[in-house]
A.B. asks: 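Below is one structure. I have some questions about it.
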Amino acid sequence: MSVPGRFIAFEGGEGAGKSTQARLLAEALRARGLTVVVTREPGGTPGAEAIRALLLSPPGEGWPPEAEALLFAAARADHVAHLIRPALARGEWVICDRFVDSSRAYQGGAGGLGDEAITALHAFGSDGLRPDRVILLEGDEAALAGRLAARGEAADAIEGRPAEYHRAVAAAFRALAEADPQGFARIDALGAPEDVHARILAALGDLLP
Ligand code: TYD
């Protein structure tokens, strides 16, 4: 009997170290003999990557909030149909850098569209697929901002929104995690990457074969 695939999503604000931790987790799982797919949102498939470019560098005057939420949901629907569900069906582990809870926190919370609208779009677009666990990386706002500045990359259309928007994103993530303590593991993102990685492995202990 094949071991069923597992779906892990990394969430958090900008500069939380999601990509690094997704990579470290994938390496640890592969060392245990598991087949792992690492992917990201918005993106992950050719169709979704094309939508990503539209979202992060909007042509014209920028998307109205509703259109932005629809584009994220459309990208996700393609990613789920063409990459995530097939990998899970093959018994693989899927590690995704951001998933629907980013839409709930950014568009639903900080963007003001509300959780019901985002959840409805996800139900329609991706049949409501949920990760087996969400790793929420959290840290002090100033420390995370410092990390981001050290990266020295130009901010995209969403990252470049005011501090107040990003504070609302962090608060929305916190509220989602508090409402679903089984589904979310809140992880302190500050400290050495290998220490954060150890916290993440511990939080996934019950899912590991
Ligand atoms: P990403 O490339 O993951 O940025 P970062 O490396 O900073 O985490 O995501 C791009 C931006 O898109 C980021 O600012 C978060 C935002 N986003 C949403 O607003 N809604 C979503 O559903 C997703 C997946 C991302």
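Whatever order the structure lists ligands and atoms in, that order sets their numbers, starting from 1.
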A.B. asks: Ring-plane angle category for Tyr106 and Phe173, please: parallel below 30°, perpendicular beyond 60°, tilted otherwise.
C.D. replies: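 The rings of Tyr106 and Phe173 stand perpendicular, inter-plane angle above 60°.
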A.B. asks: If you take the centroid of each ring, where Trp contributes its six-membered ring, are Phe99 and Phe7 closer together than 6.0 Å?
C.D. replies: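 Under 6.0 Å, so yes.
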A.B. asks: Could you check whether any side-chain heavy atom of Gln21 comes within less than 4.5 Å of a side-chain heavy atom of Phe10, counting everything from C-beta outward?
C.D. replies: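 Answer yes - side chains close enough.
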A.B. asks: CZ of Phe184 to CD of Glu11: how many Å apart, nearest 0.5 Å?
C.D. replies: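 Going from CZ on Phe184 over to CD on Glu11, the span is 7.0 Å.
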A.B. asks: Any donor-acceptor pair under 3.5 Å linking the side-chain atoms of His122 with those of Ser103?
C.D. replies: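 There is no such pair (donor and acceptor under 3.5 Å, judged by atom type) between the side chains of Ser103 and His122.
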A.B. asks: Please give the N or O to N or O pairs under 3.5 Å between ligand 1 and the protein, distances rounded to 0.1 Å.
C.D. replies:
| residue | atom | partner | partner atom | Å |
| --- | --- | --- | --- | --- |
| ligand 1 | 2 (O) | Arg52 | NH1 | 3.4 |
| ligand 1 | 2 (O) | Arg52 | NH2 | 2.7 |
| ligand 1 | 3 (O) | Arg98 | NE | 3.0 |
| ligand 1 | 7 (O) | Glu14 | OE1 | 2.6 |
| ligand 1 | 8 (O) | Lys18 | NZ | 3.0 |
| ligand 1 | 8 (O) | Arg98 | NE | 3.1 |
| ligand 1 | 8 (O) | Arg98 | NH2 | 2.9 |
| ligand 1 | 14 (O) | Glu14 | OE1 | 3.4 |
| ligand 1 | 14 (O) | Glu14 | OE2 | 2.8 |
| ligand 1 | 19 (O) | Gln107 | NE2 | 2.9 |
| ligand 1 | 20 (N) | Gln107 | OE1 | 2.8 |
| ligand 1 | 22 (O) | Arg76 | NH2 | 2.9 |
| ligand 1 | 22 (O) | Ser103 | N | 3.1 |
| ligand 1 | 22 (O) | Ser103 | OG | 2.6 |

A.B. asks: With a 4.0 Å cut-off on N to O distance, would you call Asp156 and Arg52 a salt bridge?
C.D. replies: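 Answer for the salt bridge query: no.
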